[in-house]
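Below: one structure, written as structure tokens.
When a residue number appears, it is its place in the shown sequence, counting from 1. All values below were derived from every heavy atom in this structure, side-chain atoms included, with hydrogens, water molecules and symmetry-related copies excluded.
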Amino acid sequence: MDRQQEFVLRTVEERDIRFIRLWFTDVLGVLKSVAVAPAELEAAFSEGIGFDGSSIEGLTRVYEADMLAKPDPSTFQVLPWRGERHGTARMFCDILTPDGEPSLADSRHVLKRALQHASDKGFTFYTHPEVEFYLFETPADPERPLVPVDTAGYFDHVARGTGHDFRRAAITMLESMGISVEFSHHEAGPGQNEIDLRYADALTTADNIMTFRTVVKEVALEQDIFASFMPKPMADHPGSGMHSHLSLFEGDRNAFHEPGAPFELSQTGRRFIAGLLRHAAEITAITNQYVNSYKRMWGGAEAPSYICWGHNNRSALVRVPMYKPGKGNSSRVEYRGVDSATNPYLSYALLLAAGLKGIEEGYELPEGAEDDVWELTDAERRALGIEPLPSSLEQAITVMERSELVAETLGEHVFDFVLRNKREEWNAYRAQVTPFELKRYLPVL
């Protein structure tokens, strides 16, 4: 038994932890959980805990149902909302087949595989997400109108505002679980908030995002409000994105930084951006995986709709933030296409794969966009070589289906499941008669 496993067993005993929740994520990015008693932990570490994988979205087929959840002791944390006495802790799990091999359908393993590919080339991949979400007074009931907790806007300071109290409670809980927060503020929409997690390696970040969503939901329940990561819950207000800052390190050196280069951006950084741009349309069905995601992307309010990059240009899909003099390790690129409802393991695996492909193949970075891309005409965008992102889930699926990069990165099982699942979602959506249609057409046709 290794030291981390021993630490977990000792902590469970010393803190009187009665339940240990084993967490993992299905292919759609939904958190799954099974609780075990302390007496089962040693066996869980050595052999894993068996469960029926055919009941989990995308995990396995019925005739290969048996799967094992093997906890990662480095992810052990006590859940603060479960109380001090007879507490509950959690660990993230890797999903294995009965013979102990990594499951090809495990989202966490997809990211681990991509990170290993980067490591083989000498790179460590760091990410820093800015997660947006809405707070509503009303519960999640489609029959009732949504009532945001306030009418404030971007960076507004609301005296005794619900958002202040909420963010303070959520951040306190996150930090008690070892998840560092960098910034928090009110976003542009009424009841919309943003909390930015401090940068970490991509696997830790993805685990932290899954924990973050759970913490936000738990704190909202405690405060008798409702939190949603839906990409576009209200038609007339901004959607919720998860802008992600990305960087590659070679040991302690930031591979994106080159003193004296334009924007202090190295050739490696430029080729990484070129890879993001060239493969952006192919990965959109993962970074923006729901029908509703495209309401955010094409609804204005700073959501990226076109494939281009720029320096401090917030209308661009990829942005190179302002370089801090004397802080070479802060050089990074910001990918603004991901929304808050994504599966972070799959999205970060694909962003990394796209960027690495740009480096490996020596992609040339096109000219950056200096103008507000949304204000240009279609003809002006065409003249500049700026292509649109997919405008619907159907378009995104069609583009992804032809992508060797996505198929290779996700693996055949996950790739096929996502395509099948998203086609079903699109067909179900397409069959609906919406309130918009009834309001617009019923009285006059």
Judged by atom type as modelled, is there a donor-acceptor pair below 3.5 Å linking the side chain of [X] to the main-chain atoms of [Y]?
X    : Y    : result
N292 : K232 : yes
S403 : M400 : no
R113 : L410 : yes
Q77  : M177 : yes
E175 : S180 : no
Q289 : L28  : yes
E282 : A396 : no
H245 : R332 : no
H311 : V320 : yes
T342 : N288 : no

Minimum heavy-atom separation for [X] and [Y], please, with both atom names.
X    : Y    : answer
M297 : L389 : CE-CD1, 3.6 Å
V216 : F166 : O-CZ, 3.5 Å
I195 : S184 : CG1-CB, 4.0 Å
A105 : H413 : CB-CD2, 3.3 Å
G29  : N343 : N-ND2, 3.4 Å
A353 : T409 : CB-OG1, 3.3 Å

Would you mind listing every salt bridge (charged side-chain N to carboxylate O under 4.0 Å, His left out) that reaches into residues 190-219, with sequence neighbours excluded?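 Matches after skipping sequence neighbours: R108-D207, E182-R198.
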
Does the plane of the ring in W23 sit parallel, tilted or perpendicular to the ring in F92? Use 30° and 60° as the thresholds.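 Perpendicular: the ring planes of W23 and F92 meet at over 60°.
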
Parallel, tilted or perpendicular: ring planes of F76 versus F7, cut at 30 and 60 degrees: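 Ring orientation, 0 to 90° scale: perpendicular.
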
Any side-chain donor near an acceptor of the partner, [X] and [Y], under 3.5 Å:
X    : Y    : result
S340 : S240 : no
T211 : R90  : yes
S293 : D339 : yes
T97  : E101 : no
Y348 : S244 : yes

Test item: [X] and [Y] side chains (from C-beta on) under 4.5 Å apart, heavy atoms:
X    : Y    : value
E42  : L9   : yes
H279 : T284 : no
L246 : L276 : yes
I386 : V373 : yes
D106 : V414 : no
L146 : P233 : yes
L248 : T124 : no
P38  : I20  : yes

Y306 and L317: CA distance, side-chain angles, deciding distance, side-chain contact (heavy atoms from CB on, under 4.5 Å) verdict: CA-CA 6 Å; Y306 297 95; L317 175 64; over 6 Å; no

Drop me the distance from [X]'s [atom1] to [Y]'s [atom2], to the nearest 0.5 angstrom.
X    : Y    : atom1 : atom2 : answer
N421 : W426 : CG    : CH2   : 14.5 Å
F183 : I171 : CZ    : CD1   : 11.5 Å
E47  : L96  : CD    : CG    : 12.0 Å
T214 : R21  : OG1   : CZ    : 10.5 Å
R167 : H185 : CZ    : NE2   : 8.5 Å
C93  : L22  : SG    : CG    : 4.0 Å

Any ion pair linking D94 and K112 (charged N to carboxylate O, less than 4.0 Å)? yes

Pair R10 + E13: basic N to acidic O under 4.0 Å: no

Residue pair F415, F417: steps toward the ring-ring contact (aromatic ring centres under 6.0 Å, His included) verdict: CA-CA 6 Å; F415 184 68; F417 173 80; over 10 Å; no

Could you walk me through whether L352 and L115 pass the side-chain contact (heavy atoms from CB on, under 4.5 Å) test, one step at a time? CA-CA 8 Å; L352 174 59; L115 293 173; 3.8 Å; yes

Is the number of heavy atoms from other residues, nucleotides or ligands within 6.0 Å of [atom1] ([X]) greater than 12?
X    : atom1 : result
Y429 : OH    : no
N427 : CG    : yes
E424 : CD    : yes
Y199 : OH    : no

Cut-off 3.5 Å, no hydrogens considered: what does the side-chain donor-acceptor table look like for residues 433-441, sequence neighbours left out?
from: T434; atom 1: OG1; to: E437; atom 2: N; distance (Å): 3.3
from: T434; atom 1: OG1; to: E437; atom 2: OE1; distance (Å): 2.9
from: E437; atom 1: OE1; to: T434; atom 2: N; distance (Å): 2.7

May I have the step-by-step check of side-chain contact (heavy atoms from CB on, under 4.5 Å) for I283 and Y335, ending in yes or no? CA-CA 12 Å; I283 69 176; Y335 192 86; 4.0 Å; yes

Show, in sequence, the C-alpha distance, side-chain angles and deciding distance for S331 and N254, and conclude whether the side-chain hydrogen bond (donor to acceptor under 3.5 Å, both in side chains) test is met. CA-CA 7 Å; S331 292; N254 188 332; 4.6 Å; no

Checking E187 against E130 for the side-chain contact (heavy atoms from CB on, under 4.5 Å) test, could you report, in this order, the C-alpha distance in whole Å, the side-chain angles of both residues, the deciding distance, and whether it holds? CA-CA 11 Å; E187 254 300 334; E130 303 174 351; over 6 Å; no

Passes salt bridge (charged side-chain N to carboxylate O under 4.0 Å, His left out), E401 versus R423? Steps please. CA-CA 11 Å; E401 192 172 25; R423 282 199 195 97; 2.3 Å; yes

Could you tell me which residues satisfy salt bridge (charged side-chain N to carboxylate O under 4.0 Å, His left out) with K70, sequence neighbours excluded, listed by chain and number? none

F249 vs F123, ring-ring contact (aromatic ring centres under 6.0 Å, His included): CA-CA, chis, key distance, verdict: CA-CA 5 Å; F249 274 67; F123 294 122; over 10 Å; no

